[in-house]
Amino acid sequence: MGAGKTTVGMSLSSALNYKFIDMDKEIERSTGAEISLIFEKEGEAGFRKREKRLLDSLLTKTCIVISTGGGIITDHQNREALKKTTTVIYLQCDPMTSLSRTKNDRKRPLLQNSDPLSKLEELFKVRENFYFETAHHTINVDNLSSKAVLTKILKTLQNGNS
């Protein structure tokens with residue numbers, strides 16, 4: 001959360017002349033409900049099922065940049081599918097950076113608690129190895145602008161470096 005997946009993803013898709021798809025926005029569009037309401041009504045498990053179905057359909061397409069939700073990699077099948085069929089770039093972000101970028105965002109259901117930093121640290125601890133396992137390239141974004149991140153991604157894709 002707060003790593004810049006959507007902002008950087010939109011810029012990357014524009015630079016590559018690809019279509020951009022933000023999975024959370026697509027789920028909201030297709031259901032007519034905000035992610036927070038889906039979490040409230042169906043729980044995280046219900047949301048993850050919707051997310052998995054959408055990912056499976058997106059992975060059949062070409063010339064797209066996908067901004068996934070950060071939790072998509074908690075599912076082994078999702079990790080395998082992403083690693084096998086796409087180029088995955090992990091925008092690595094420290095929990096403190098994530099908190100500073102998301103602290104005023106009320107649309108993040110996992111952070112609607114009395115200690116969002118602890119929640120971010122917990123998520124990071126659980127997910128970090130999954131991110132590294134799945135990513136073809138990792139870019140630390142803590143001290144970078146979205147423009148600098150985009151430049152790094154484009155150079156990485158051009159050179160094939162991480």
Side-chain angles (χ1 to χ4, degrees), residues 1-14 18-61 63-83 85-135 138-142 144 146 149-150 153:
M1 278 182 249
K5 295 180 300 290
T6 299
T7 302
V8 173
M10 287 191 299
S11 297
L12 179 61
S13 67
S14 180
Y18 285 6
K19 182 176 179 179
F20 175 71
I21 298 172
D22 180 302
M23 288 187 60
D24 286 349
K25 298 287 185 234
E26 184 61 23
I27 290 170
E28 288 180 335
R29 187 198 62 73
S30 68
T31 62
E34 290 186 354
I35 300 300
S36 56
L37 181 61
I38 295 170
F39 265 73
E40 182 183 319
K41 297 293 183 188
E42 300 177 4
E44 185 173 357
F47 173 76
R48 296 293 173 214
K49 285 180 188 176
R50 290 179 181 279
E51 191 177 53
K52 185 176 192 55
R53 283 194 301 270
L54 176 58
L55 179 66
D56 289 344
S57 72
L58 291 176
L59 292 179
T60 66
K61 302 184 182 318
C63 299
I64 61 173
V65 172
I66 303 169
S67 172
T68 67
I72 200 159
I73 48 79
T74 58
D75 179 275
H76 176 74
Q77 291 176 332
N78 289 345
R79 290 193 306 274
E80 290 296 314
L82 284 163
K83 183 118 179 133
T85 62
T86 66
T87 299
V88 179
I89 300 171
Y90 168 31
L91 301 181
Q92 185 182 30
C93 184
D94 179 85
M96 279 301 295
T97 302
S98 183
L99 179 63
S100 72
R101 293 177 180 180
T102 61
K103 65 184 171 193
N104 296 318
D105 189 341
R106 299 289 167 232
K107 293 186 177 185
R108 296 181 186 269
L110 293 177
L111 295 184
Q112 301 312 305
N113 62 65
S114 61
D115 190 359
L117 179 58
S118 289
K119 184 62 176 179
L120 286 167
E121 290 170 339
E122 173 191 329
L123 291 171
F124 186 76
K125 185 177 179 181
V126 168
R127 297 174 178 177
E128 183 179 31
N129 286 334
F130 294 147
Y131 292 140
F132 285 121
E133 172 189 326
T134 308
T138 298
I139 297 174
N140 185 290
V141 301
D142 284 331
L144 297 177
S146 57
V149 174
L150 173 64
I153 291 171

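For reference, positions follow the sequence shown, starting with 1.
With values rounded to the nearest 0.5 angstrom, R50 atom CZ is found 12.5 Å from M23 atom CE. From S11, atom OG reaches atom CD1 of I153 across 9.0 Å, with rounding to the nearest 0.5 Å. The distance from the CD1 atom of I38 to the CD1 atom of I27 is 6.5 Å, given to the nearest 0.5 Å. For the atom pair OH (Y131) and OG1 (T74), the distance works out to 8.5 Å, reported to the nearest 0.5 Å. With rounding to the nearest 0.5 Å, the separation of OG1 in T85 from NZ in K61 is 13.0 Å.
Using a cutoff of 4.0 Å between basic side-chain nitrogens and carboxylate oxygens, D75 and R48 are not scored as salt-bridged. Using a 4.0 Å cut-off between a side-chain N of Lys or Arg and a carboxylate O of Asp or Glu, E42 and K49 do not qualify as a salt bridge. A salt bridge is defined here as a Lys NZ or Arg NE, NH1 or NH2 lying under 4.0 Å from an Asp or Glu carboxylate O, and E26 with R29 meets this definition.
A 4.5 Å side-chain heavy-atom check between K52 and D56 finds at least one atom pair inside the cut-off. In this structure, the side chains of T134 and Y90 stay at 4.5 Å or more apart for every pair of heavy atoms. A heavy-atom distance below 4.5 Å is not found between the side chains of I73 and T68. Contact check for F130 versus R79: side-chain heavy atoms found under the 4.5 Å cut-off. With a 4.5 Å cut-off on side-chain heavy atoms, K83 and V88 do not count as touching.
Partners of Y18 by ring pair (Phe, Tyr, Trp, His ring centres under 6.0 Å), not counting sequence neighbours: none found. Applying the side chain to side chain donor-acceptor pair (under 3.5 Å) test to D24 and every residue at least two apart in sequence or in another chain returns nothing. By the side chain to side chain donor-acceptor pair (under 3.5 Å) test, E128 pairs with no residue at all, sequence neighbours left out.
The backbone N or O of I72 lies less than 3.5 Å from a partner atom in the side chain of N78, making a donor-acceptor pair.
The two residues P95 and E121 make their nearest non-hydrogen contact at CB-CG, 3.8 Å. Between A81 and L59, the shortest heavy-atom distance links the atoms CB-CD1, 3.6 Å. Looking at every heavy atom in both residues, S67 comes nearest to K5 through OG-CB, 3.3 Å. Nearest heavy-atom pair across G9 and V65 is O-CG1, 3.7 Å. Taking every heavy atom of both residues into account, C93 and V141 meet most closely at CB-CG2, 4.0 Å.
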Fill in: Residue pair T31, L37: steps toward the side-chain contact (heavy atoms from CB on, under 4.5 Å) verdict
CA-CA 10 Å; T31 62; L37 181 61; over 6 Å; no
Discussion item. What verdict does the side-chain contact (heavy atoms from CB on, under 4.5 Å) test give for F124 and D94, after you've listed the backbone C-alpha separation in whole Å, the side-chain angles of each residue and the deciding distance to 0.1 Å?
Written reply: CA-CA 8 Å; F124 186 76; D94 179 85; over 6 Å; no
Discussion item. Evaluate L82 against L55 for side-chain contact (heavy atoms from CB on, under 4.5 Å), listing each step before the verdict.
Written reply: CA-CA 9 Å; L82 284 163; L55 179 66; 3.8 Å; yes
Fill in: Chi angles and distances behind the side-chain contact (heavy atoms from CB on, under 4.5 Å) call for L150, L12
CA-CA 6 Å; L150 173 64; L12 179 61; 3.9 Å; yes
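Aromatic ring pairs are classed by plane angle as parallel below 30°, tilted from 30° to 60° and perpendicular above 60°; the pair F47 and F39 is tilted.
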